[in-house]
Amino acid sequence: MINLSTKYLQGFLTDNEVKEYENKLIQAHKVLHDKNYPGTDLRGWMDLPVNYSEEELHYIEVEAEKVRNNSEILVIIGIGGSYLGARAAIEFLKSCNYNYLDKKTPSVFFIGNNMSSAAVSEVLEICKYKDVTLNVVSKSGTTLECMVTFRLFKKLLEEKYGKDKAKERIYCITDPSKGLLREIALKEGYKIFNIPPSIGGRYSVLTSVGLFPLSVIGGDIHALLQGAADARSRFLNLDLAENECYKYALLRNVIYNKGKFIEIIGGYEPRLDCFFEWWKQLFGESEGKDGKGIFPASVIFSTDLHSMGQFIQEGNPIFFETILTIKKDPYNLIIPYDESNEDKLNYLSDKTLEFVNRQAFRAAAFAHFNSGTPIIHLEIDSTDEYNLGYLMYFFEKSCAISSHILGVDPFNQPGVEAYKNKMFSLLNRPGYQ
Ligand code: PA5
């Protein structure tokens, strides 16, 4: 479940303003669920949580177990929607320090999302004396950042293990019927998982793109899909009191049309940092087109209260916030009593650190709201697989609905394609002059 509170919107929106958007919302719902969809039809993610092939899940789990048994490192090569979901999920469930934890599962490195020779060389060096598996993710199979990095890591693996044994350690996740990566994988005998043709990169986290890495690190992919399936059935309802997803989509549009052009998503847990990166890509690429869109930004508090807090509080008032909190804290870290009380902190002794963190949320929400920043407050129960699946589906569907309220196609990204093609032409790729 997600709890959506409008406590920090009071006085900023009227019931009538919200009502005015209800027709737009109903229209957006109709379009998104229409058999004859008018835009780029990449809606396969909508029913994915209840349409998944058990056979494919089983294959993912079997291969993930092999990787757990034979590798110290899993290198995930991909960019944009082809890596952010997996990274978000790993950090959300485990930690942003996952690689440093005392664990029995492989460390995970994400590469191929830039072409920095320093970044790539570092990971090549880290992999040199470790057992490594490669997971190359590209739906199109042509994205330069990804494919050029794949070439470098394939060479490393072939030098370490020989061509035949290296094959056993290379997984390609790509389109089921076309693309260069698929051709290479078939020719070389690499293992393949499919991305359904009806699902675009930024909506692909619940396909093998997210499920395979999550299974490698020991995540419960069935619970993840169950969370998404439950969200799917709840968010079919047009009654706003029963549909937090539609309420969120509607509210952000009402706020946007009152001059708040930037949405800052924030949370009080560093493990949400990458989740917010995934959220930014989802909303940024889906909504930012045709001269429209709410610019998605993110912060981690308290960290950013000491960098961006001043601007949010007193700078150009173009922001609204969406704050995501987590109800359960599994750590119960108690601040100890100290006889000397040199630091004058005994007023906090016997309190949990989570209690103090909660007061930081309440204090910042109070201060930001009072200075004119509207805040949508979302809360989930915990950072487990079920809640993650639920939350990811919540944002995917709210993004698609919100894009339709805005009047843009949520599933294309013409600007990104333009840069990809121009880069190929600058690099003199045959056929791109
Ligand atoms: O969301 C999207 O569709 C994009 O961000 C893509 O995921 C990204 O451009 C990578 O594309 P590909 O998977 O084809 O390499």
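Ligands are counted one by one from 1 in listed order, and the atoms in each one are counted from 1 as well. Computed from heavy atoms alone, side chains included, the values below leave out hydrogens, waters and symmetry copies.
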Top protein contact for [atom], by heavy-atom distance:
{"atom": "atom 13 (O) of ligand 1", "result": "Ser82 OG, 2.6 Å"}
{"atom": "atom 3 (O) of ligand 1", "result": "Gly201 N, 3.4 Å"}
{"atom": "atom 4 (C) of ligand 1", "result": "Glu285 OE1, 3.4 Å"}

Between Ser140, Gly141, Gly284, Gly200, which one has a non-hydrogen atom sitting closest to atom 14 (O) of ligand 1?
Ser140
Polar-atom distance check: Gly81 versus ligand 1, any N or O pair below 3.5 Å?
yes
Considering the heavy atoms of [X], write down every atom of ligand 1 situated less than 4.0 Å from one of them.
{"X": "Gln281", "value": "1 (O), 2 (C), 4 (C), 5 (O)"}
{"X": "Ile79", "value": "7 (O), 8 (C), 10 (C)"}
{"X": "Gln413", "value": "3 (O)"}
{"X": "Lys420", "value": "9 (O), 11 (O)"}
{"X": "Thr143", "value": "11 (O), 12 (P), 14 (O), 15 (O)"}
{"X": "Arg202", "value": "1 (O), 2 (C), 3 (O)"}

Beyond-backbone contact of Phe301 with Glu321, side-chain heavy atoms, under 4.5 angstrom
yes
For residues [X] and [Y], establish whether the separation of their ring centroids is below 6.0 Å.
{"X": "Phe276", "Y": "Trp279", "result": "no"}
{"X": "Phe295", "Y": "Phe261", "result": "no"}
{"X": "Phe395", "Y": "Tyr248", "result": "yes"}
{"X": "Tyr203", "Y": "Phe411", "result": "yes"}

Considering all heavy atoms of both residues, which atom of Phe109 and which atom of Ser107 are nearest to each other, and what is their separation?
CE1-CB, 4.1 Å
Thr325 meets the side-chain contact (heavy atoms from CB on, under 4.5 Å) criterion, sequence neighbours left out, with Ile323, Arg358, Phe361, His377, Glu379
Residues at least two apart in sequence or cross-chain that pass side-chain contact (heavy atoms from CB on, under 4.5 Å) with Tyr432, listed by chain then number, are Asn421, Phe424, Ser425, Arg429
